[in-house]
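Starting from 1, each residue takes its place in the sequence as its number.
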Amino acid sequence: MEISEIKDNQISMTERKNSQILIEDSLLKSVEIPNDEEKKFNFNLQESLKKVIKIRNPLVKEFMAETFGTMIFIFIGCSGVAQFKLNNKQDSNLNNLLSVNIAFGFGVLIAILLVGTISGAHLNPAVSFSLTLTGKLTFKKFFIYSIAQTLGGFFGATLVFWVYLDGLRSFGDEMYSLNTAGIFATYPNEVLGVFGGFLDQILGTAVLIMVVMAISDKKNNDISKEISANFF
């Protein structure tokens, strides 16, 4: 009796193993990696575009990167200004101006993340000019970058205009006045003279360039990694 029971147990264990193997095989087949024939039918838009659009000239890549990066920067930043302007048509509450600052800050951040590894994401002719004076950028690239940044700025402003067109129409006769022009450009206050405006732009740009040079200086602390670590 004991021998027969042992045989029965062995048979049942064998059957269980066989059934387990069958289950594992069925699971493997359900997640089986597609073969080469099946891969041919898979569509990947990114890979398809890479085959069609091949840009080998590095200057063209940098030109397109600066144009696109500046466009994104201006679009996000000026969109913040447009929202501020549309929400404060009657009373310009400066307490809400923080949203504009945040919009431009995130605009710069997103533009750097998008094109920083391609062109350096200067996004501003003043930045490119300062890097040219310090020997980090050739004069040829400076002119190319400046043209790209100017075009990108106009493209970004155009996107803002079309996105907020209905809101701009709500201004009526003042749609094309200085009241809405401030969305796309800066204008001096009535109390500000020529010298004060000139000094404002010089000092503001100087502070911006000092920060950019400090971050990009390899002899300085690696601030870029510290900033990225804090953000992400």
What verdict does the side-chain contact (heavy atoms from CB on, under 4.5 Å) test give for Leu137 and Phe129, after you've listed the backbone C-alpha separation in whole Å, the side-chain angles of each residue and the deciding distance to 0.1 Å? CA-CA 8 Å; Leu137 193 72; Phe129 185 64; over 6 Å; no

Please confirm whether the backbone N or O of [Y] pairs with a side-chain atom of [X], one donor and one acceptor, at under 3.5 Å?
X      : Y      : answer
Asn87  : Gln83  : yes
Ser170 : Gly167 : yes
Glu66  : His122 : yes
Thr186 : Gly182 : no

List, by chain and number, the other hydrophobic cluster members for Ile202, where Ile, Leu, Val, Met, Phe, Trp and Tyr join if side-chain heavy atoms come within less than 4.5 Å, directly or indirectly. Phe198

[X] vs [Y] side-chain heavy atoms within contact, under 4.5 Å:
X      : Y      : result
Lys85  : Thr180 : no
Phe154 : Met71  : no
Leu151 : Phe63  : yes
Ile209 : Val127 : yes
Ile183 : Leu168 : yes
Leu86  : Phe171 : yes
Leu203 : Val207 : no

Could you label the plane-to-plane angle of the Phe143 and Phe139 rings as parallel, tilted or perpendicular, counting under 30° as parallel and over 60° as perpendicular? tilted

Angle class for the Phe161/Phe184 ring planes (parallel below 30°, perpendicular above 60°, tilted otherwise)? tilted

Go through the steps for Phe75 and Val163 under the test side-chain contact (heavy atoms from CB on, under 4.5 Å), then give the verdict. CA-CA 10 Å; Phe75 173 68; Val163 169; 4.0 Å; yes

For the CE atom on Met213, are there more than 12 heavy atoms of other groups (residues, nucleotides or ligands in this structure) within a distance under 6.0 Å? yes

Crowded around Tyr187 OH? As in, over 12 foreign heavy atoms under 6.0 Å? yes

Enter the distance from Ile147:CD1 to Phe142:CZ here, rounded to the nearest 0.5 Å. 10.0 Å

Might you work through the side chain to side chain donor-acceptor pair (under 3.5 Å) test for Ser128 and Gln149, ending with a clear yes or no? CA-CA 10 Å; Ser128 300; Gln149 291 154 2; 3.0 Å; yes

Just do the side-chain contact (heavy atoms from CB on, under 4.5 Å) check on Tyr145 and Leu123 with the steps written out, would you? CA-CA 8 Å; Tyr145 275 41; Leu123 312 177; over 6 Å; no

Under the salt bridge (Lys or Arg N to Asp or Glu O under 4.0 Å) rule, collect the residues that match up with Asp166, sequence neighbours excluded. Arg169

Output, in order, the C-alpha distance, side-chain angles, deciding distance and verdict of side-chain contact (heavy atoms from CB on, under 4.5 Å) for Ile74 and Val160. CA-CA 9 Å; Ile74 295 300; Val160 174; 5.5 Å; no

